[in-house]
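Data first, discussion second: the structure below is written as structure tokens.
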Amino acid sequence: MTWVRDAVGSPYGTHNLPYGVFRRDGGEPRIGVRIGELVLDLNAAEDAGLILAGGALRLPTLNGFLALGRPQWTAVRERIVELLTDERHRPAVQPLLTPLAEVELLLPIEVADYVDFYSSEQHAGNVGQIFRPGQPAILPNWRHLPIGYHGRSGTVVVSGTPVTRPAGQRRSADGPVFGPSTRLDIEAEVGFVVGVPSAPGRPVPVADFAAHVFGVVLVNDWSARDIQAWEYQPLGPFLGKSFATSMSAWVVPLEALADAWVPAPEQDPSVLDYLRDVPHLGLDLRLAVDWNGDRVSEPPFAGMYWTPAQQLAHLTVNGAALRTGDLYASGTVSGPSRDQVGSFLELTWGGAEPVTLSDGTRRTFLADGDTVTITASAPGPDGTTVALGEVTGRILPAPAGQDGAAT
Ligand code: CA
């Protein structure tokens with residue numbers, strides 16, 4: 001039992017302990033760990049000799065710590081639990097706790113490479129029907145390999161960062177036109193943060209997932225459907241998704257999700273050997289999507305067709321090296337029913353079936369000023385719940401002068 005009274009019974013108790021980077025009063029970024037509604041300053045804890053991590057906790061991002069590897073991750077986690085549960089440490093540790101309300105949360109990692117998969121069968125099927133009506137929704141390769149693309153790591157932003165509506169080319173009856181996107185959307189996803197790099201030319205087998213992956217974040221892969229629909233064939237997403245990708249401020253370590261592994265959906269046809277993960281497990285993360293405060297969807301991550309271990313194995317099977325700080329996201333998480341989809345493209349069926357929010361307004365895609373917040377929880381040890389923080393963002397209008405009109 002922790003001596004941090006407010007954290008008792010919290011989904012951010014000592015069973016969770018997600019890592020982040022924060023600052024106070026515009027000061028220097030500092031690594032911290034969340035306990036209840038407080039943040040423990042790990043930089044100060046290492047300064048004081050309370051934790052030994054070779055200086056990795058005194059850096060402005062988590063990357064140095066991520067590079068240390070699982071034995072060190074586990075040792076530091078066990079030490080933090082000890083500091084927060086043993087009353088003898090309370091006099092030294094209590095002054096290092098700050099209310100979350102008094103800090104600013106920053107991007108916790110320097111994102112190295114960013115990859116986005118497409119691993120929900122329901123999402124792929126829905127998008128296929130909407131984008132390519134009359135054709136097979138699931139393409140022939142989909143059940144043989146985790147489809148993905150390399151995204152733009154430099155535009156990954158931390159939760160809370162406003163997102164400016166992108167402008168670009170879209171199709172019209174009179175040919176392509178330029179202007180602010182009229183079909184701006186979300187994609188509710190789960191991201192995996194790589195800690196330990198791999199050598200060029202050396203694929204990472206499925207069994208090595210936990211040796212390389214440190215933890216989990218929530219991701220919103222903002223998508224301009226009109227730009228995407230015009231540009232995506234034949235090479236895939238480009239400007240329709242590269243303008244911004246939001247991630248949660250807290251990285252939940254894999255240890256906190258030890259009780260959340262569940263059998264993943266059976267794969268038929270069977271996969272090639274390098275993709276065979278035994279046991280074949282996914283994570284029972286329950287996502288929720290709030291649009292201007294209204295709960296519009298609860299996507300279930302446990303139903304994803306491809307597992308995070310298979311995604312990692314596929315991402316490296318050609319010999320591409322992992323770097324510390326790599327982020328790979330699952331793809332939109334959509335379940336079988338309309339109230340379980342992870343995008344508004346699916347929720348409103350391509351914009352044909354608007355939703356009415358509680359303020360009486362009708363929506364198909366995002367309006368300027370809209371806010372979307374994605375949260376998630378998972379089963380923890382002994383009947384507890386692990387919360388995965390949130391990823392939120394508000395839409396700002398496109399800058400003046402991007403309406404395509406001649407000036
Ligand atoms: Ca995506």
Side-chain angles (χ1 to χ4, degrees), residues 111 113-132 137-139 141-142 145-157 159 161 163 166 168 181 183-193 216-233 235-248 282-283 285 287 289 291 297 299-301 303-308 310-312 314-315 326-335 340-348 350 365-366 372-374 376 388 391-393 395:
V111 182
D113 289 296
Y114 168 53
V115 164
D116 194 19
F117 285 98
Y118 192 57
S119 288
S120 157
E121 184 169 9
Q122 284 79 20
H123 175 70
N126 290 338
V127 172
Q129 289 180 56
I130 294 168
F131 272 29
R132 298 183 301 276
I138 302 283
L139 295 172
N141 56 2
W142 197 89
L145 54 87
I147 300 292
Y149 70 97
H150 280 89
R152 189 169 181 85
S153 55
T155 50
V156 176
V157 297
S159 175
T161 307
V163 172
S181 171
R183 290 162 72 89
L184 184 56
D185 197 0
I186 66 154
E187 291 192 335
E189 306 197 15
V190 174
F192 294 83
V193 173
V216 175
V217 293
L218 298 176
V219 170
N220 186 345
D221 178 28
W222 305 95
S223 298
R225 300 301 181 192
D226 42 359
I227 298 172
Q228 180 187 356
W230 174 230
E231 75 176 2
Y232 86 105
Q233 295 191 88
L235 275 186
F238 187 35
L239 303 180
K241 289 170 178 283
S242 64
F243 54 94
T245 305
S246 301
M247 66 176 271
S248 52
L283 282 168
L285 311 181
L287 277 62
V289 180
W291 194 346
S297 179
F301 189 66
M304 298 294 275
Y305 191 86
W306 294 102
T307 68
Q310 291 177 317
Q311 291 170 337
L312 187 69
H314 187 65
L315 162 59
D326 280 0
L327 172 68
Y328 68 96
S330 60
T332 308
V333 183
S334 288
Q340 294 181 316
V341 295
S343 73
F344 299 156
L345 179 78
E346 296 162 271
L347 186 71
T348 67
F365 294 96
L366 287 159
V372 174
T373 303
I374 301 162
L388 283 93
V391 59
T392 189
I395 303 302

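Atoms within a ligand are numbered from 1 in the order they appear, just like the ligands themselves.
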| field | Of all N/O/S atoms in Asp221, the name of the one nearest the Ca ion (ligand 1) | value | OD2
| field | Ser120 and Thr332: CA distance, side-chain angles, deciding distance, side-chain contact (heavy atoms from CB on, under 4.5 Å) verdict | value | CA-CA 7 Å; Ser120 157; Thr332 308; 5.9 Å; no
| Looking at the Ca ion (ligand 1), which N/O/S atom of Asp116 is the nearest one? | OD2
| remark: Among N, O or S atoms, Glu187 approaches the Ca ion (ligand 1) most closely through OE1
| said: With carbon and hydrogen excluded and only N/O/S kept, which atom of Glu189 is nearest the Ca ion (ligand 1)? | reply: OE2
| query | Do the two ring centres, one from Phe365 and one from Phe344, sit under 6.0 Å apart? | reply | no
| field | Minimum-distance pair of heavy atoms, taken over all atoms of Arg183 and Gly350 | value | NH2-O, 3.1 Å
| Any donor-acceptor N or O pair under 3.5 Å, side chains Asp226, Ser181 | yes
